[in-house]
Amino acid sequence: MPSPNVLIAPDKFKGSLTAREVAAALAEGIRAVVPRAHVRELPLADGGDGSVEAGLSAGFAAHEAPVTGPLGDPAVTAIALREATAIVEAATTSGLQMVPDDRRDAGAASSRGLGEAVRAALELGAERIVLALGGSASTDGGIGMLTALGWRFLDADGVPVDPSGLGLAEIRRIEATGAVDLTGIELVAASDVQNPLLGSDGAAAVYAPQKGADPQEVQQLESGLQHLVRQLAEIRPDAAELAERPAAGAAGGLGFAAMLLGARIASGADHFLDLLGFDRAAAGCDLVITGEGRIDSQTLSGKLPAVVAHRAAPARVEAVVGHNALGADTAPEAGIARIRSLSERTQDDCARDTELSRTLLVEIGREIGAELAEGADQVP
């Protein structure tokens, strides 16, 4: 009787469980029913919050660094480091998750903390730095990050402007001559957002409302970003062209700032699957289990579960999710053979109850284990 090979490779259940906790609960359930199963846990991320933790789960070492939070409060972030590769993320340096709902302020928030984390990674000896851009609280065009890296954004009196969205309109001169030397450093900006910096599909119009901006503030931020591009053109003739590129609008314009630094923009899901060794882990598996907090039509357009399913083929892929908004228990167009959700098993809001979520995941794991055992028994 062969022992099934199973890879559990989920994203986080946002607001409820980390990817590591999701994988551990499913693995516990499977092993309880099929102790002989070869089960590997590979928590994943797509460039949003949880990216550093996914790296730590894959063997990266954790290094703490002090940073300035999005609204100026002192904070501590973790940097994931393996050999000369570091992962830093916007979510835990300048992220929306760091701001209480009643303090959200898309104009006042700054990306400075991400730049401070980059400096800390350089001091650790990193030669390749992955910027996980998802989950930011700011709409500052990345001037906060650039300021932390030695760029100077000055007003009409030669005084540094506040490195936030509200400071953009005050910029009259930009100096990059004293910036941190990134020669020989590979920067990779991981994001699945394809928005440009400006316009109706840009950083302010699409994402600032989620960060606390009302319509008047959205227009103010849009004007500020336009002004930033015009000012940058004096030292970077390619500024306007960079602003139009896909992903320039990621994370309130951090994608644009990363391009100014020479970063390569990469698909968040694909890049992290490569970084964390997914293809090697999935090779020869009988079953790959992926998942996220909510599966919907956007998932099928390239979010992590769909990327996992594509790259795991021809192995069977199932998804375990917090909530299934597809209205079907399969997603054949994405290569997902079955979808199981927590919400179909309870009337309670499991997204707000981590212990309930964990209990239901163990239960689902036991079901999957029973099916694996039944399938193995039918093999001659």
Side-chain angles (χ1 to χ4, degrees), residues 14-15 47-50 65-77 88-118 131-149 151-155 159-172 174 191 193 195-229 231 243 247-258:
K14 192 168 186 176
D49 49 315
V67 296
T68 305
L71 296 181
D73 302 317
V76 176
T77 192
V88 298
E89 61 183 27
T92 57
T93 55
S94 53
L96 201 58
Q97 69 182 32
M98 303 169 70
V99 182
D101 289 351
D102 61 356
R103 292 187 64 201
R104 290 187 176 185
D105 192 331
S110 172
S111 61
R112 183 173 190 135
L114 183 60
E116 292 168 342
V118 171
L131 309 173
L133 297 187
S136 78
S138 61
T139 312
D140 66 357
I143 68 168
M145 177 180 73
L146 294 174
T147 296
L149 292 173
W151 290 52
R152 286 164 52 84
F153 298 87
L154 308 173
D155 66 14
V159 176
V161 305
D162 183 59
S164 67
L166 295 178
L168 293 171
E170 305 301 318
I171 298 171
R172 294 296 179 271
I174 301 172
S191 173
V193 168
N195 305 70
L197 181 66
L198 306 174
S200 59
D201 294 325
V206 176
Y207 297 108
Q210 302 170 13
K211 303 173 183 182
D214 62 27
Q216 181 178 351
E217 291 167 330
V218 168
Q219 184 53 53
Q220 182 181 8
L221 290 166
E222 174 69 15
S223 296
L225 292 170
Q226 292 172 355
H227 178 71
L228 171 65
V229 174
Q231 291 294 312
L254 275 169
F256 173 66

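- Proximity of Ile174 to Trp151: side-chain heavy atoms (C-beta onward) are separated by under 4.5 Å at one or more points.
- In this structure, Phe256 and Leu225 have side chains that are not in contact, with every pair of non-hydrogen atoms separated by 4.5 Å or more.
- Contact record, Gly142 with Ala257: CA-CB, 3.6 Å, taken as the closest heavy-atom pair.
- Ala109 and Asp140 get closest at one heavy-atom pair: O-CB, 4.2 Å.
- With hydrogens and angles ignored, the 3.5 Å screen pairs a side-chain donor or acceptor of Glu217 with a backbone N or O of Asp214.
- Side chains of Glu116 and Thr93: a donor-acceptor N/O pair is absent below 3.5 angstrom, by distance only.
- Screening residues 96-107 for salt bridge (charged side-chain N to carboxylate O under 4.0 Å, His left out) gives Asp73-Arg103, Asp101-Arg104 as the qualifying pairs, with residues at least two apart or on separate chains.
- The two residues Ala243 and Ala248 come nearest to each other via the heavy atoms O-CB, 3.6 Å.
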Residue pair Leu71, Met98: steps toward the side-chain contact (heavy atoms from CB on, under 4.5 Å) verdict: CA-CA 9 Å; Leu71 296 181; Met98 303 169 70; over 6 Å; no

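- We find the CG-OG1 distance between Asp162 and Thr147 to be 9.0 Å, quoted to the nearest 0.5 Å.
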Start with the C-alpha distance between Val193 and Leu133, add both sets of side-chain angles, then the distance that settles side-chain contact (heavy atoms from CB on, under 4.5 Å), and finish with yes or no. CA-CA 9 Å; Val193 168; Leu133 297 187; over 6 Å; no

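- Put simply, CG on Asp49 and NZ on Lys14 are 5.0 Å apart, with the number rounded to the nearest 0.5 Å.
- Counting heavy atoms from C-beta outward, Val88 and Thr77 have side chains that stay 4.5 Å or more apart.
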Donor-acceptor list for residues 196-212 side chains, cut-off 3.5 Å, not counting sequence neighbours:
residue: Tyr207; atom: OH; partner: Asn195; partner atom: OD1; Å: 3.0
residue: Lys211; atom: NZ; partner: Ser136; partner atom: OG; Å: 3.0
residue: Lys211; atom: NZ; partner: Ser138; partner atom: O; Å: 2.7

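- In terms of heavy-atom proximity, Gly95 sits nearest to Pro70 at O-CG, 3.7 Å.
- Taking CD1 from Ile143 and CG from Leu149, the interatomic distance works out to 13.0 Å, rounded to the nearest 0.5 Å.
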Stepwise side-chain hydrogen bond (donor to acceptor under 3.5 Å, both in side chains) check, Gln216 with Gln220: CA-CA 6 Å; Gln216 181 178 351; Gln220 182 181 8; over 6 Å; no

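- Leu114 CG to Leu254 CG: the interatomic distance, rounded to the nearest 0.5 Å, is 5.5 Å.
- Ser164 approaches Ala108 most closely through the heavy-atom pair CB-O, 3.4 Å.
- Minimum heavy-atom separation, Thr139 to Leu168: O-CD1, 4.0 Å.
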